[in-house]
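Below is one structure, written out as structure tokens, with a few remarks after it.
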Amino acid sequence: MVNVHNKALNETIKVNRILGKIKGPNPGPTIVFFGGIHGNETSGVFALNAVLGKINKSKVSGTIYGIAGNLRALKKHQRFIDEDLNRLWTKEHIELIKSKTILNADEAELLALLELLEDILLNNEPPYYFIDLHTTSSKTLPFITINDALINRKFSKQFPVPIVLGIEEYLNGPLLSYVNQLGYVSLGFESGQHDDLSAINNSEAFVYLALVYSGALTDVNKGLINKYHEQLKEHACHTFDIFEVVYLHKIKKKEDFMMLNGFKSFEPIRKGTKLALSNNKELIAPYSGSIFMPLYQKRGAEGFFIIKPIKPFLLKLSSALRGVKIDNVLAYLPGVTWLNKEQGVLQVNLTVAKFYAKSIFHLLGYRNRQITETHITLNNRERVAKTSIYKNEPWY
């Protein structure tokens with residue numbers, strides 16, 4: 001048990017790894033919430049503590065879990081201790097950690113969470129939902145981030161907030177990418193700025209709505225649903241677009257990075273806008289779009305992203321093309337081969353990759369996950385998605 005402090009509330013609570021577990025009397029989904037994967041992001045922990053504490057067990061269908069992420073980092077109110085826990089969740093890294101005799105603090109946290117995750121999947125029933133609650137260092141609208149699978153898109157579209165696709169192409173090892181590889185609905189919710197009271201309120205609203213939309217709460221308060229829906233819609237400034245990440249400034253080792261003051265997520269910017277300083281040299285926007293998650297804290301490897309809205313026509317087209325598995329023809333293109341067809345892993349020769357439009361692969365759900373000297377590896381979330389267990393859900 002550790003003490004977790006929230007600056008907005010100026011309150012401290014004691015938490016265990018499992019913030020709460022509620023098993024209802026009726027069958028239903030298994031929904032798992034994570035809070036505090038980053039130790040300086042305590043809003044999700046406080047929100048889960050509040051919402052789960054008010055739930056009447058008799059009104060629950062299935063099982064609800066609230067899980068505290070990085071206990072050691074939460075205790076110290078810092079993003080991580082030795083390594084960013086939300087960048088360690090690759091199969092290769094996990095196997096390396098399992099083989100070690102001496103673990104650093106964040107590796108030990110990963111193994112504890114992995115054991116709990118495996119236990120949840122072994123001892124509960126589908127459909128499964130995994131939701132990771134976060135906050136950002138900059139001012140922001142509340143928003144959802146997802147790996148680009150249709151089950152994630154369809155579930156996320158129930159919430160009145162913007163959705164951002166494609167971040168998995170730029171980040172290596174987030175927890176949700178690991179869960180998504182298992183084929184389950186998984187999404188991240190960024191509720192606001194770290195120490196803003198609205199971040200807690202938005203997380204509470206999102207958690208409650210997620211419980212309703214997943215079917216975990218059946219006897220619901222319609223007035224509360226409307227209240228929380230309107231709250232999120234208002235805080236999101238009625239922004240319902242689906243965006244795509246088109247650029248990341250990755251901070252290099254020993255780089256002295258400083259974001260210029262005043263930027264907030266989803267703020268429109270033009271190509272050439274001065275955004276940050278890198279080793280005292282100006283960094284300008286290489287594209288027009290919207291600034292996304294500018295870094296205003298000492299720890300973190302992502303300086304800023306640039307996102308652009310996706311046209312509704314393209315979203316509908318991608319859904320249709322994925323439905324008929326048109327990506328089967330990709331391996332017939334020159335320089336494109338299957339590394340693992342069942343898991344949707346393609347390999348593209350770099351000598352011919354320049355002739356293929358990146359947007360075509362994105363339409364079909366393929367995202368760049370690895371670049372070697374000679375090849376790009378592309379992963380598809382659609383082929384591993386356990387779509388069949390969600391097809392009978394009302395939101396599908």
Side-chain angles (χ1 to χ4, degrees), residues 5-10 35-47 77-79 84 86 132-146 156 159-165 167 170-171 187-207 228-249 251 257-270 273-278 283-285 287-309:
H5 183 73
N6 183 272
K7 293 181 180 179
L9 293 172
N10 194 26
I37 292 292
H38 289 136
N40 62 326
E41 301 176 20
T42 62
S43 293
V45 174
F46 275 74
H77 200 86
Q78 61 188 49
R79 184 177 172 91
D84 191 331
N86 209 34
D132 192 9
L133 304 174
H134 283 269
T135 51
T136 67
S137 63
S138 63
K139 290 186 179 298
T140 185
L141 309 179
F143 64 91
I144 291 169
T145 60
I146 56 173
S156 298
F159 301 89
V161 298
I163 299 168
V164 179
L165 304 177
I167 200 167
Y170 297 87
L171 300 182
L187 59 96
F189 178 63
E190 303 271 358
S191 61
Q193 196 170 21
H194 292 331
D195 300 321
D196 193 326
L197 184 60
S198 68
I200 301 175
N201 295 334
N202 287 337
S203 288
E204 289 186 19
F206 193 87
V207 168
Y228 283 150
H229 191 274
E230 289 303 310
Q231 175 187 321
L232 291 179
K233 184 163 68 172
E234 182 179 342
H235 281 250
C237 297
H238 298 254
T239 304
F240 312 124
D241 292 329
I242 297 181
F243 294 83
E244 182 174 35
V245 178
V246 297
Y247 180 79
L248 163 65
H249 176 78
I251 301 174
F257 175 87
M258 185 179 72
M259 197 74 204
L260 296 181
N261 288 332
F263 290 103
K264 56 186 178 181
S265 281
F266 296 93
E267 177 182 340
I269 57 170
R270 291 186 175 276
T273 301
K274 297 174 184 177
L275 299 177
L277 297 177
S278 174
L283 292 176
I284 63 172
Y287 305 100
S288 294
S290 297
I291 195 77
F292 183 61
M293 293 204 293
L295 185 69
Y296 289 108
Q297 61 188 18
K298 292 181 179 179
R299 287 192 163 187
E302 294 83 36
F304 60 85
F305 297 82
I306 296 175
I307 58 176
K308 292 185 177 184

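For reference, positions follow the sequence shown, starting with 1.
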Can you list everything that forms a side chain to side chain donor-acceptor pair (under 3.5 Å) with [X]? Sequence neighbours excluded, please.
{"X": "Ser156", "value": "none"}
{"X": "Glu190", "value": "none"}
{"X": "Ser43", "value": "none"}

Looking at [Y], is its backbone amide N or carbonyl O close enough to the side chain of [X] to form a donor-acceptor pair, meaning the two atoms are under 3.5 Å apart?
{"X": "Ser191", "Y": "Ala199", "answer": "yes"}
{"X": "Ser265", "Y": "Phe292", "answer": "no"}
{"X": "Tyr296", "Y": "Phe263", "answer": "yes"}
{"X": "Tyr287", "Y": "Arg270", "answer": "no"}
{"X": "Asn202", "Y": "Ser198", "answer": "yes"}
{"X": "Glu41", "Y": "Thr135", "answer": "yes"}
{"X": "Thr136", "Y": "Ser138", "answer": "yes"}

So which heavy atom on [X] is nearest to which on [Y], and how close?
{"X": "Lys264", "Y": "Ile291", "answer": "O-CG2, 2.9 Å"}
{"X": "Met259", "Y": "Ala276", "answer": "CA-CB, 3.9 Å"}
{"X": "Ser137", "Y": "Gln193", "answer": "O-NE2, 3.1 Å"}
{"X": "Ala285", "Y": "Ile306", "answer": "CB-CD1, 4.2 Å"}
{"X": "Ile251", "Y": "Gly300", "answer": "CD1-O, 3.8 Å"}
{"X": "Leu141", "Y": "Phe143", "answer": "O-CD2, 3.2 Å"}

Residues forming a ring pair (Phe, Tyr, Trp, His ring centres under 6.0 Å) with [X], sequence neighbours excluded:
{"X": "Phe159", "value": "Phe155, Phe206, Tyr213"}
{"X": "His38", "value": "His134"}
{"X": "Phe257", "value": "His249"}

Apply salt bridge (Lys or Arg N to Asp or Glu O under 4.0 Å) to [X] and list each qualifying residue two or more places apart in sequence or on a separate chain.
{"X": "Glu302", "result": "Arg87, Lys250"}
{"X": "Lys308", "result": "none"}
{"X": "Lys139", "result": "none"}

Going from [atom1] on [X] to [atom2] on [Y], what distance comes out if it is rounded to the nearest 0.5 angstrom?
{"X": "Thr42", "Y": "Asn6", "atom1": "OG1", "atom2": "CG", "answer": "4.0 Å"}
{"X": "Asp84", "Y": "Ile37", "atom1": "CG", "atom2": "CD1", "answer": "10.0 Å"}
{"X": "Ile167", "Y": "Ile307", "atom1": "CD1", "atom2": "CD1", "answer": "9.0 Å"}
{"X": "Ile163", "Y": "Asp241", "atom1": "CD1", "atom2": "CG", "answer": "10.0 Å"}

What do the steps show when you test Phe304 against Met293 for side-chain contact (heavy atoms from CB on, under 4.5 Å), and what is the final call?
CA-CA 6 Å; Phe304 60 85; Met293 293 204 293; over 6 Å; no
Using the test side chain to side chain contact (heavy atoms under 4.5 Å, CB included), find all partners of Asn201 that sit at least two apart in sequence or belong to another chain.
Leu197, Gln231
Which residues pass the side chain to side chain contact (heavy atoms under 4.5 Å, CB included) test with Asp195, sequence neighbours left out?
Lys7, His77
Among Leu277, Leu275, Thr273, which residue satisfies the side chain to side chain contact (heavy atoms under 4.5 Å, CB included) criterion with Leu260?
Leu277
Taking the six-membered ring for Trp and the single ring otherwise, decide whether the centroids of Phe243 and Phe266 are under 6.0 Å apart.
yes
Output side-chain donor-acceptor pairs under 3.5 Å for residues 233-240, partner residues at least two apart or in another chain, one line each.
{"from": "Lys233", "atom 1": "NZ", "to": "Glu230", "atom 2": "OE2", "distance (Å)": "3.2"}
{"from": "Thr239", "atom 1": "OG1", "to": "Ala236", "atom 2": "O", "distance (Å)": "3.0"}
{"from": "Thr239", "atom 1": "OG1", "to": "Cys237", "atom 2": "O", "distance (Å)": "3.4"}

